[in-house]
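Computed over heavy atoms, backbone and side chain alike; hydrogens, waters and symmetry mates excluded. We count residues from 1, following the sequence as given.
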Amino acid sequence: MWWGGRGQSFNIAPQKEEPEMGSVQGSRMPELRSRQLSSCLASGCLPGEQILAWATGVRKGLEPELSGTLICTNYRVIFQPYGWQRSQETPLSSEYDFALVNIGRLEAVSGLSRVQLLRPGSLLKFIPEEILIHGRDFRLLRVGFEAGGLEPQAFQVTMAIVQARAQSSQAQQLKKGKPPIPLMETSEDWETERKKQGARGWRVSTVNERFDIATSLPRYFWVPNRILDSEVRRTFGHFHQGRGPRLSWHHPGGSDLLRCGGFCTASDPNKEDIRAVEAMLQAGHSDVVLVDTMDELPSLADVQLAHLRLRALCLPDSSVAEDKWLSALEGTRWLDYVRSCLRKASDVSVLVTSRVRSVVLQERSDRDLNGLLSSLVQLLSAPEARTLFGFQSLVQREWVASGHPFLTRLGGAGASEEAPVFLLFLDCVWQLLQQFPAEFEFSEFFLLALHDSVRVPDTLTFLRDTPWERGKQSGQFNSYTQVYTPGYSQPPAGNSMNLQLSVWDWDLRYSNEQILQFHNPGYDPEHCPDSWLPRQQPSFMVPGPPSSMWLFSRGALTPLNQLGPWRDSSFLLAVSSRWLPRPAISSESLADQEWGLPSHWGACPLPPGLLLPGYLGPQIRLWRRCYLRGRPEVQMGLSAPTISGLQDELFHLQELLRKWTPRISPEDHSKKRNPNTILS
């Protein structure tokens, strides 16, 4: 986490000098001390959490250094400073806590040159003088151990961490009441959201209620009213992994944003199936645009390599010279990939808002870049998605419920398919927050909390790959099997849903004061989500040409003769992209082509609610508060240790103040905000 906690309990006093080990009292001291720690931790821990080992030590790398106790439990590693107290109400919130699944690298050090990298299952070869815990979230915990007869404790706690990491594959399950954010696990959740979006031409389908079409899909999703569930079943069979076209978001002006997997070219649909596929892609519109999501965006391997390079560059032990640091940052390609994601999202937002049409995002797996692009498009086009509640609901619907493989992409299932696509998305959101600080209700601190929560072991939100795995682990589907029965739409009687703790239960891990910081003080309260656009077609949106079909690729629209790959002429998205003729990138922006407006928009107003971010050169910046947290000066809040750095920070703050000043009154600053109101 990115801050400390507060409260009454979990207080550990400095350890006194141990008596001689030959006495009876001395032989009992370790056991007594462990009981004291267990009793102290019990009021601020997870159910089932147990202390495995502990040792006194000093946290290094900060000024002043902190003396305390390093504790290893079966869920996490905790450094407990002397005199610091943990709240019983928020037991998980502390910058000193490292979930075992969040530990990226563990090193033991003895002397000036003896260093051992400890992997899960390794055997420590010496008594360490200090250990370094590198978090996957760019944090660093460096603890030196005290001498004077306490060396065995240092060895034991280090080995306990090694062994606990090897056994930390299961997430801790916690029961709680109604979640603060709809988890999109019931048909009622989907129906409520459909009505909220005003999608009258759509309905909630229960065809996947027993996960017999695709375990990676949610149990419920939106399909056109006129499409029967029997047609949905046949149609989805012609798409990769059964992930057929379904609604992601309905624009108030009338357009629909859909997502789907790649076509199965080996399938042989009949004419009725082809008509059903076309009807689902058109979604009642005459103008259809198929967006090749993978075009111009980085591959999963590119994302993973860039993130590895970024971590290596930002960690404290980076060997890159200061004068070459910026060029090394550019060489990671991370900011280039952020830039390409924002550019493509801007283009798709123009497609959705310029004409009444169906816009279909198509990615082969439909589980990675489709979620990223769909989420960014909604953030750019829908003010309600920029509220704190709306953004959490967006992530739950487009990422968690839609089957993004969090566990695999974050390295929980091995490194072969690791690629932090969701973290790339959070960086894109942070860029938008910097460019439009008055348009978002949530703050950078909220994004940091969400970034750090992807590896929190107490929830199933980000520790499973599919809705089916998440429901099975929680016991939600224990009473019936994954078999389809015609006409059977409800679980058997007596099956009660076991609501598990979700990542959105912030009040368990954060105090009220911390939750208050989730709110952006520069947010414009005049942006009422329910009144930004009427529920009719606005004057700036016009119907598309009759029966027009387009492929959007490389920033240009190419006309299509058909929507599927199963007729005489081959369909562009159905074959490998390297065999496709590439249209030249238009010299005009998509805004030029769609509205006839200048590319920079000049004095012409944007459609209501639409944001078009900049993505050139210095407009894309490094998220320093996130990526440079492992550096001591950043942890102390000294993010600009040089004169030029201070000048840059001052310029940035002045720029933010200039953007915020017209929107904030002194009365707004003086108001006390209720954290419960913020989260609701």
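- If you take CZ on R409 and CD on E417, they are separated by 5.5 Å, rounding to the nearest 0.5 Å.
- Applying the side chain to side chain donor-acceptor pair (under 3.5 Å) rule to R243 yields the partners S216, D366; only residues at least two apart in sequence or on another chain are considered.
- Using a 3.5 Å distance cut-off with no hydrogens or angles, the side chains of Q378 and S374 do pair a donor with an acceptor.
- Residues D465 and P405 come closest through the heavy atom pair OD1-C, 3.1 Å.
- Remark: side-chain polar atoms of H240 are not paired, donor with acceptor, to backbone N or O of S365 under 3.5 angstrom.
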Practice prompt. Test L373 against C341 for side-chain contact (heavy atoms from CB on, under 4.5 Å), laying out the working first.
Written response: CA-CA 7 Å; L373 200 55; C341 291; over 6 Å; no
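- Residues L329 and W334 form no side-chain contact, since every pair of their non-hydrogen atoms from C-beta on lies 4.5 Å or further apart.
- Under a 4.0 Å N-O distance rule, the pair R397/E193 qualifies as a salt bridge.
- Atom CZ of R364 is surrounded by 12 or fewer heavy atoms from other residues, nucleotides or ligands within 6.0 Å.
- Ring to ring, F406 and F422 are close: their centroids are under 6.0 angstrom apart.
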Query raised in the report: What's the verdict on side chain to side chain donor-acceptor pair (under 3.5 Å) for S358 and D256, showing C-alpha distance, side-chain angles and the deciding distance?
Result: CA-CA 5 Å; S358 171; D256 291 310; over 6 Å; no
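- The OG atom of S393 sits 11.5 Å away from atom CD of E398, with the distance rounded to the nearest 0.5 Å.
- Ionic pairing of R343 and E296 is not present here: no N-O contact between side-chain nitrogen and carboxylate oxygen is shorter than 4.0 angstrom.
- Y220 OH to E188 CD: the interatomic distance, rounded to the nearest 0.5 Å, is 7.5 Å.
- R621 places no side-chain N or O within 3.5 Å of a backbone atom of Q434 that could act as its donor or acceptor partner.
- More than 12 heavy atoms of other residues, nucleotides or ligands sit less than 6.0 Å from atom CD of Q619.
- A donor-acceptor pair shorter than 3.5 Å can be found between the side chains of S375 and W399.
- Taking every heavy atom of both residues into account, S548 and D287 meet most closely at OG-OD1, 2.7 Å.
- S346 places a side-chain N or O within 3.5 Å of a backbone atom of L342 that can act as its donor or acceptor partner.
- Using modelled atom types, one finds no donor on one side chain facing an acceptor on the other under 3.5 Å when comparing D292 with S553.
- Exactly one residue among Y337, F138, Y627 makes a ring pair (Phe, Tyr, Trp, His ring centres under 6.0 Å) with H307. That residue is F138.
- Between the side chain of D505 and the main chain of S502, a donor-acceptor pair closer than 3.5 Å is present.
- Using a 4.5 Å cut-off on side-chain heavy atoms (C-beta onward), D368 and H404 make contact.
- When only modelled atom types and interatomic distance are considered, E191 and W222 share no side-chain donor-acceptor pair under 3.5 Å.
- Using a 4.5 Å heavy-atom cutoff, the side chains of R246 and L217 are in contact.
- Heavy atoms only, all atoms of each residue included: G614 and I620 are closest at O-CD1, 3.8 Å.
- Inter-residue side-chain proximity for T461 and V454 is flagged as unmet; no heavy-atom pair is nearer than 4.5 Å.
- Annotation: side chain of P245 is not in contact with side chain of R259 (no heavy-atom distance under 4.5 Å).
- Taking a cutoff of 4.0 Å between a charged side-chain nitrogen and a carboxylate oxygen, R219 and D189 do not qualify as a salt bridge.
- Taken to the nearest 0.5 Å, the SG atom of C428 stands 13.0 Å off from the CG atom of L433.
- Put simply, CD on E439 and CG on L611 are 5.0 Å apart, with the number rounded to the nearest 0.5 Å.
- Contact record, L432 with P613: CD2-CB, 3.6 Å, taken as the closest heavy-atom pair.
- With hydrogens and angles disregarded, no donor-acceptor distance shorter than 3.5 Å links the side chain of E363 to the backbone of M294.
- Across V338, L622, L447, a single residue satisfies side-chain contact (heavy atoms from CB on, under 4.5 Å) together with D427, and that is V338.
- With sequence neighbours excluded, the residues satisfying ring-ring contact (aromatic ring centres under 6.0 Å, His included) with W430 are W623.
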query = Under the salt bridge (Lys or Arg N to Asp or Glu O under 4.0 Å) criterion, do E185 and R470 qualify, and how do the steps go?
reply = CA-CA 10 Å; E185 293 177 347; R470 205 170 286 113; over 6 Å; no
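- A search for side chain to side chain donor-acceptor pair (under 3.5 Å) contacts involving D273 returns R234, H238, not counting sequence neighbours.
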Open item on the list: If you apply the rule salt bridge (Lys or Arg N to Asp or Glu O under 4.0 Å), what do you find for E444 with R625, and how did you get there?
Closed with: CA-CA 9 Å; E444 177 185 17; R625 196 185 293 271; 3.1 Å; yes
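- V360 has its side chain out of reach of F552: every pair of non-hydrogen atoms, C-beta onward, lies at least 4.5 Å apart.
- Distance alone, capped at 3.5 Å, is enough to place a donor-acceptor pair between the S255 side chain and the R357 backbone.
- Judged by distance alone, with hydrogens and angles left aside, the side-chain atoms of Q396 form a donor-acceptor pair with the main-chain N or O of L183 at under 3.5 Å.
- Of all non-hydrogen atoms in V421 and L372, the two that sit nearest each other are O-CD1, 3.9 Å.
- To the nearest 0.5 Å, atom CH2 of residue W506 and atom CZ of residue F518 are 5.0 Å apart.
- For G555 against D347, the heavy-atom pair with the smallest separation is CA-OD2, 4.4 Å.
- Put simply, the side chain of E231 never gets that close to the backbone of A276: no donor and acceptor are under 3.5 Å apart.
- Put simply, the side chain of N370 gets close to the backbone of L361: a donor and an acceptor are under 3.5 Å apart.
- Listed for the Q362 side chain is no donor-acceptor partner under 3.5 Å among the backbone atoms of V291.
- Every residue two or more places apart in sequence or in another chain that forms a ring-ring contact (aromatic ring centres under 6.0 Å, His included) with F236 is listed here: F221.
- Just one residue in the list V395, L388, L394 forms a side-chain contact (heavy atoms from CB on, under 4.5 Å) with Q392, and that residue is L388.
- Contact check for L351 versus L557: side-chain heavy atoms found under the 4.5 Å cut-off.
- Contact of the F446 side chain with the V429 side chain is not registered, since no non-hydrogen atoms from C-beta on lie closer than 4.5 Å.
- Under the side chain to side chain donor-acceptor pair (under 3.5 Å) criterion, D336 pairs with R333, R339, sequence neighbours left out.
- Aromatic rings of Y523 and F442 (six-membered ring for Trp) have centroids beyond the 6.0 Å cut-off, not under it.
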Set out, in order, the CA-CA distance, both residues' side-chain angles and the distance that settles side-chain contact (heavy atoms from CB on, under 4.5 Å) for V204 and V223, then state yes or no. CA-CA 7 Å; V204 178; V223 297; over 6 Å; no
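- Every residue two or more places apart in sequence or in another chain that forms a side chain to side chain contact (heavy atoms under 4.5 Å, CB included) with D229 is listed here: R203, S205, T206, V207, V232.
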